[in-house]
Amino acid sequence: MKVWARSLIRYRLVATNTSDKPVRVRFAPSPTGDLHVGNIRTALFDWAYARHTGGQFIFRIEDTDRERVTDEYIQAAIDTLKWLGLSWDEGPEVGGPYGPYLQSQRLDIYAEWAGKFLANGDAYHCYCSSEELEARREEQKKANVAPGYDGKCRTISESDLARYKSEGRKPVLRMRMPDGSTTFTDSIRGEVTFDHNFVPDFVLVRGDGSPLYTLAVAVDDVMMKVTHVLRGEDLLSSTPRQIRVYQAMGVAPSDYPTFAHLPFVMGQDNAKLSKRNGEVSIAWYRDRGFLPEAICNYLALLGWSPGEDRENVTMQELTELFTVERVHSSPARFDMKKLEAINGDKIRLLTIDDLLSRSVPFLIKDGVISGTPEELTIVKTALPIIQERIATLAEVTPMLKFLFAKNFVIDSEELPKIADAQSQAVLAKASEVLQGLSDWSHSSIEEILRAALIEEMALKPRIAFGAVRVAITGSHISPPLFESMELLGRDRALARIAAAIN
RNA sequence: GGCCCCGUCGUCUAGUGGCCUAGGACUCUGGCUUCUCAAGCCAGCUACGCGGGUUCGAAUCCCGUCGGGGCUACCA
């Protein structure tokens with residue numbers, strides 16, 4: 001029970017969205033670092049819901065904490081969303097009727113509302129110092145009382161006020177939480193109630209006059225006419241505070257946004273995702289050769305499912321199938337293996353031209369090719385034989401580098417595989433028959449090598465071709481041998497076999 | 001500690017009282033195919049946290065319990 005009770009009126013709000021207003025969903029990250037898979041999963045659901053309902057997808061940057069948010073991270077967030085294909089209707093770069101969409105550019109709006117709250121008595125100045133608050137919190141813990149602001153500054157005597165001012169204290173603006181409770185309906189979790197004994201008066205504006213998330217998020221959602229808030233579960237317990245601000249703003253309960261708190265995406269060891277807990281930055285996945293549509297498809301499956309034993313969905317299908325009703329309430333663990341499997345599936349679905357344009361940047365970055373038309377022609381010819389054997393675009397490099405090696409050398413670990421007498425005999429025989437081959441096609445190469453090595457020498461295919469494979473590609477793992485030899489060309493193929501013979 | 005959320009194979013999930021001797025996918029294991037690696041195909045392993053209820057009948061409803069997570073900031 002609060003000793004500083006101001007009102008005994010039971011405070012119970014039920015936020016419902018019964019209106020048929022057009023859907024407006026926002027993704028509002030606070031770019032204090034690279035966007036990670038958890039953020040992106042939220043963005044994806046926000047986007048899919050907006051597209052599914054034919055509503056607007058709003059992208060807002062929550063940079064009220066300028067100590068931690070940087071312009072680089074803001075730009076990175078914009079780039080990441082673009083790369084994933086999550087296009088927004090309102091937000092950075094595209095603007096919109098309710099802008100600006102960077103909270104740091106909306107300071108006057110927050111100041112105006114803060115002023116109103118203070119004038120109305122919904123909020124009050126609090127002069128307690130951090131040290132004092134900390135000390136009282138410790139006492140609360142000792143006394144086994146719910147920790148939180150005790151309401152000391154709800155009323156301040158004239159003498160205290162004069163003293164605080166003479167000490168040069170800068171007050172924060174605190175929201176007054178009335179007695180009672182807040183109940184709202186979460187689309188995913190159902191009815192949730194918070195007793196205000198556990199929702200202390202919270203700070204809206206810092207001592208330096210800058211707004212906090214608690215103020216900005218609620219003001220912006222109202223001002224931007226947001227109808228649905230799909231966000232991480234970590235914000236669930238802050239919802240009563242947002243509702244309190246709506247109430248202070250004079251918004252009718254029927255106009256409150258509908259909340260849906262998404263379950264977490266956990267790291268490999270069941271802890272919340274972090275830098276130490278698996279790779280979380282989307283940029284890392286991009287650089288590693290994951291397709292944006294594969295990342296989105298996989299992330300969509302974390303906390304949501306289209307049902308009917310379906311898993312492979314296109315971005316278009318995702319927007320058609322996505323509903324909040326099918327979103328889970330329990331957390332999901334991120335599984336790299338499954339992401340890789342889906343990525344491989346998506347790669348196999350690509351046309352050769354598409355696969356080519358996506359692979360080339362990796363080959364260039366890895367120094368395999370410089371990007372000349374001649375090189376691209378060779379790559380394009382080679383892609384069909386490796387398309388089904390790679391799971392990421394980055395694997396194109398180890399698969400195809402043998403075609404472009406300037407100074408071809410066999411991996412030192414592979415050398416022993418062709419050093420034995422049998423392998424040497426195979427290579428000698430292959431060299432001999434191949435030199436007389438006029439038609440350098442993979443079918444002719446296969447035909448003549450089978451006749452010479454398998455039939456004539458009576459060797460097992462994996463033994464015979466294995467030796468040739470190492471000589472040709474430098475590795476015992478490679479694209480199909482005969483196609484590889486055709487692609488390499490007669491002269492280089494013969495030279496490599498010759499070089500492999502001691 | 002308090003408040004809140006969550007709990008089906010190792011992982012992601014289907015499942016909203018009988019269609020469930022619990023289905024699919026990834027992983028793993030074995031096999032087929034095979035010039036390596038993949039891909040593909042077939043088979044197999046493995047789950048309703050636990051305990052009480054309600055009911056003719058419970059993975060599905062209720063209670064408790066245990067476990068996990070979040071919040072508890074002049075972060076978001």
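- Applying the side-chain hydrogen bond (donor to acceptor under 3.5 Å, both in side chains) test to pairs two or more places apart or on separate chains, those with a residue in residues 295-304 of chain A are A/N297-A/K346.
- Aromatic ring centres of A/F117 and A/Y124: separated by at least 6.0 Å.
- Annotation: B/C48 and B/C12 have their C1' atoms spaced 16 Å apart (nearest Å).
- Because its NZ or CZ atom is not both nearer than 6.0 Å to the ring centre of A/F27 and within 45° of the ring axis, A/R60 does not count as a cation-pi partner of that residue.
- Across all strands, A/L235 comes closer than 4.0 Å to base atoms (heavy-atom distances).
- Within the 4.0 angstrom heavy-atom criterion, only backbone atoms of the sugar-phosphate kind lie near A/V203; the bases stay farther away.
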* Structure fact -> Each nucleotide of nucleotides 5-22 of chain B classed B (base within 4.0 Å of a protein heavy atom), S (only sugar-phosphate) or -, in 5' to 3' order, makes BSS---SBSSS-------
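- Rounded to whole Å, the P atom of B/A58 lies 14 Å from the corresponding atom of B/G51.
- Relative ring orientation between A/Y246 and A/Y256 is described as tilted, the plane-to-plane angle lying within the 30° to 60° band.
- Within 4.0 Å of A/T64, counting heavy atoms only, lie sugar-phosphate atoms of the nucleic acid but no base atom.
- B/C32 and B/G52 have their P atoms separated by 48 Å, with the value rounded to a whole Å.
- With sequence neighbours excluded, no residue satisfies salt bridge (Lys or Arg N to Asp or Glu O under 4.0 Å) with A/D46.
- Partners of A/E167 under the side chain to side chain donor-acceptor pair (under 3.5 Å) rule, at least two apart in sequence or in another chain, are A/R163, A/R169.
- Across B/C26 and B/C45, the matching C1' atoms stand 15 Å from one another, rounded to whole Å.
- The distance between atom CD of A/E67 and atom P of B/A76, rounded to the nearest whole Å, is 11 Å.
- Considering A/R174, A/R136, A/R137 in turn, A/R136 is the only one that fulfils the salt bridge (charged side-chain N to carboxylate O under 4.0 Å, His left out) rule with A/D150.
- A gap of 28 Å separates the C1' atoms of B/C5 and B/U46, to the nearest Å.
- Under the Watson-Crick or G-U wobble criterion, with both distances below 3.5 Å, B/G57 is left unpaired in every strand shown.
- Dashed line: the shortest gap from a side-chain N or O of A/R68 to OP1 or OP2 of B/A76 is not under 4.0 Å.
- Atom CD of A/Q140 is separated from atom P of B/G1 by 18 Å (rounded to the nearest Å).
- For the pair A/R496 and A/F408, the cation-pi criterion (under 6.0 Å, within 45° of the ring axis) is fulfilled.
- In this structure, CZ of A/F194 is placed 12 Å from P of B/C3, rounded to the nearest angstrom.
- As judged by a 4.0 angstrom heavy-atom cut-off over every strand, A/G207 is placed among the base-contacting residues.
- With sequence neighbours left out, A/D208 forms a side chain to side chain donor-acceptor pair (under 3.5 Å) with A/S210.
- Across the P atoms, B/G57 and B/A14 are found 28 Å apart, a figure rounded to whole Å.
- If you measure from atom CG of A/L35 to atom C1' of B/A76, you get 13 Å, rounded to the nearest angstrom.
- Pair assignment for B/G40 gives B/C32, based on Watson-Crick or G-U wobble hydrogen-bonding distances that are each under 3.5 Å.
- We find that OH of A/Y110 is positioned 17 Å from C1' of B/C74, with the value rounded to whole Å.
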* To do: Give the B/S/- string for nucleotides 28-47 of chain B, one per nucleotide from 5' to 3', where a protein heavy atom under 4.0 Å of the base yields B, of only the sugar-phosphate yields S, and otherwise -.
  => -------BBBBS--------
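- A search for side chain to side chain donor-acceptor pair (under 3.5 Å) contacts involving A/T214 returns nothing, not counting sequence neighbours.
- Comparing the C1' positions of B/G15 and B/G24 gives an interatomic distance of 12 Å, to the nearest angstrom.
- Of the residues in residues 211-223 of chain A, those placing a heavy atom less than 4.0 Å from an atom of RNA chain B are A/L212, A/Y213, in numerical order.
- Separating the CD atom of A/Q242 from the P atom of B/C71 is a distance of 14 Å, rounded to the nearest angstrom.
- Look at B/A14: it lacks any Watson-Crick or wobble partner with both distances under 3.5 angstrom.
- Counting to the nearest Å, the P atom of B/A25 and the CD atom of A/E340 are 19 Å from each other.
- The gap from the C1' atom of B/A59 to that of B/U21 amounts to 14 Å, rounded to the nearest Å.
- With sequence neighbours excluded, no residue satisfies ring pair (Phe, Tyr, Trp, His ring centres under 6.0 Å) with A/Y213.
- Here the P atom of nucleotide B/A73 and the CG atom of A/D234 are 15 Å apart, to the nearest Å.
- Annotation: side chain to side chain donor-acceptor pair (under 3.5 Å) contacts of A/R358 (sequence neighbours excluded): A/E293, A/D354.
- Shown here, B/G64 forms a base pair with B/C50; the pair counts as Watson-Crick or G-U wobble because both key distances fall under 3.5 Å.
- A/D366 pairs by the salt bridge (Lys or Arg N to Asp or Glu O under 4.0 Å) definition with nothing, not counting sequence neighbours.
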Pairs under 3.5 angstrom only: tabulate donor-acceptor contacts from the side chains of residues 469-477 of chain A to other protein residues two or more places apart or in another chain.
residue: A/R469; atom: NH1; partner: A/S478; partner atom: OG; Å: 2.8
residue: A/R469; atom: NH1; partner: A/P479; partner atom: O; Å: 3.4
residue: A/T473; atom: OG1; partner: A/R469; partner atom: O; Å: 2.8
residue: A/T473; atom: OG1; partner: A/S475; partner atom: N; Å: 3.3
residue: A/T473; atom: OG1; partner: A/S475; partner atom: O; Å: 3.0
residue: A/S475; atom: OG; partner: A/I477; partner atom: N; Å: 3.0
residue: A/S475; atom: OG; partner: A/I477; partner atom: O; Å: 3.2
residue: A/H476; atom: ND1; partner: A/E414; partner atom: OE1; Å: 3.1
residue: A/H476; atom: ND1; partner: A/E414; partner atom: OE2; Å: 2.9

